[in-house]
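All remarks here apply to the structure that follows.
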There are 2 protein chains.
Amino acid sequence: MAKTNAAFMSGVPELLVLRLLSREEMYGYQIVRGIRQATGESIILAEGVIYPTLHGLEKKGYLSARSRTVEGRSRVYYHITAKGKKRFAAISKQWNKITASVNACLEFAYV
Amino acid sequence: MAKTNAAFMSGVPELLVLRLLSREEMYGYQIVRGIRQATGESIILAEGVIYPTLHGLEKKGYLSARSRTVEGRSRVYYHITAKGKKRFAAISKQWNKITASVNACLEFAYV
DNA sequence: GGTTGACACCTATAACTACTAGGTATAATT
DNA sequence: AATTATACCTAGTAGTTATAGGTGTCAACC
């Protein structure tokens, strides 16, 4: 890993990509900007992070891709598969579980 | 990384260790059990994770260690330094920022 | 006396994954 | 003509967690 967003980012690209695509079909560059905007620049996942993530998710069968030319530009659109929806359900559940546990530790109680 | 806790764990061991030690001096084995208990087994950071984390944090000057024999057992107690407190403040702030941003994406809005 | 289990520490290696830093190409804008 | 924005890509780096071992002590049990 490296400097920009630093720690706490493992699993986040996959989670956010699946989240965005569970709403609508999107292409890579659009996802990059989408995450920047949606988080008010708090989270910046550059193209070098998003593209490999998309390829990996496609390879695992969570996404499926098709090329389209829109407004004179060639784009690769990704949409989520049924398998991908299950995967998203699983990891978002896990995200909630882990963040809740960590927050419990941060805020208060342990022996 | 590996299977047990899977993703979303990067930075978490450091965060939790600094958190626990910002309350009171503790030793490694105690921290391992402490995290298990505090999270109701949701997060299990084994000794193979905690000990290297403690050594790393000590090396960076965030923790300081001393050996003590208590109840006939030799233990290595760690306490947080001033530098460690700053570090904890920084990363817990970052934790809040990132989780808030991710949650915003998960729950609702983006373009 | 010997075995088991809890306590308490340790490390090398593997495995994962995000990030950097490049690169290519086209269309629109200045 | 040059720059910027769009749109894609990948190789290599590096930072970390997790696994799977290992050592040794002490108490309890059979």
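Residue numbers begin at 1 in each chain, while the letters A, B, ... track the order of the sequences. Computed from a predicted model, the values in this text were never measured in an experiment.
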Distance, rounded to the nearest Å, where [X] contributes [atom1] and [N] contributes [atom2]:
{"X": "A:Y78", "N": "D:dA7", "atom1": "OH", "atom2": "P", "value": "14 Å"}
{"X": "A:Q30", "N": "D:dA7", "atom1": "CD", "atom2": "P", "value": "8 Å"}
{"X": "B:I50", "N": "D:dT16", "atom1": "CD1", "atom2": "P", "value": "15 Å"}
{"X": "A:R75", "N": "D:dC9", "atom1": "CZ", "atom2": "C1'", "value": "17 Å"}
{"X": "A:M26", "N": "D:dA7", "atom1": "CE", "atom2": "C1'", "value": "14 Å"}
{"X": "A:F8", "N": "C:dC19", "atom1": "CZ", "atom2": "C1'", "value": "17 Å"}
{"X": "A:E14", "N": "C:dT17", "atom1": "CD", "atom2": "P", "value": "8 Å"}
{"X": "B:L16", "N": "D:dA18", "atom1": "CG", "atom2": "P", "value": "11 Å"}

Worksheet item: Starting at the 5' end of DNA chain C and moving along, which residue's nearest nucleotide shows up first, A:G11 or B:G28?
Response: B:G28
Worksheet item: If you round to the nearest 0.5 Å, how far is OG1 of B:T81 from NZ of B:K86?
Response: 10.0 Å
Worksheet, complete the sentence: Taken to the nearest 0.5 Å, the spacing of A:I43 CD1 from B:S101 OG works out to 4.5 Å
So does [X] get a side-chain nitrogen or oxygen closer than 4.0 Å to the phosphate oxygens (OP1/OP2) of [N]?
{"X": "A:Y51", "N": "D:dC8", "answer": "yes"}
{"X": "A:Y27", "N": "D:dA7", "answer": "yes"}
{"X": "A:Y29", "N": "D:dC8", "answer": "no"}

Item to complete: Looking only at side-chain atoms of B:P13, point me to the closest of D:dT17, C:dC10, D:dA7.
Response: D:dT17
Worksheet item: Do B:L18 and B:L21 come close enough that some side-chain heavy atom pair is under 4.5 Å?
Response: no
Worksheet item: With a 4.5 Å heavy-atom cut-off, do B:I35 and B:I44 have their side chains touching?
Response: no
So which atom in [X] and which in [Y] form the shortest heavy-atom distance, rounded to 0.1 Å?
{"X": "B:F8", "Y": "A:V12", "result": "CE2-N, 4.0 Å"}
{"X": "B:V76", "Y": "B:S67", "result": "CG2-OG, 4.1 Å"}
{"X": "A:A7", "Y": "B:I98", "result": "O-CD1, 3.7 Å"}

Response to the item:
Per-nt protein contacts along nucleotides 20-29 of chain D (heavy atom under 4.0 Å; B base, S backbone sugar-phosphate only, - none) come out as B----BB---
Worksheet entry | N-O pairing of A:R75 and A:E25 below 4.0 Å | no
Below 3.5 Å, can you tabulate the donor-acceptor pairs from side chains in residues 48-61 of chain B to any protein atom, sequence neighbours excluded?
from  : atom 1 : to    : atom 2 : distance (Å)
B:Y51 : OH     : B:Y29 : N      : 3.4
B:T53 : OG1    : B:V49 : O      : 2.7
B:H55 : ND1    : B:Y51 : O      : 3.3

Response to the item:
Residues of residues 52-69 of chain A with a heavy atom under 4.0 Å from any atom of DNA chain D, listed by number, are A:P52, A:H55
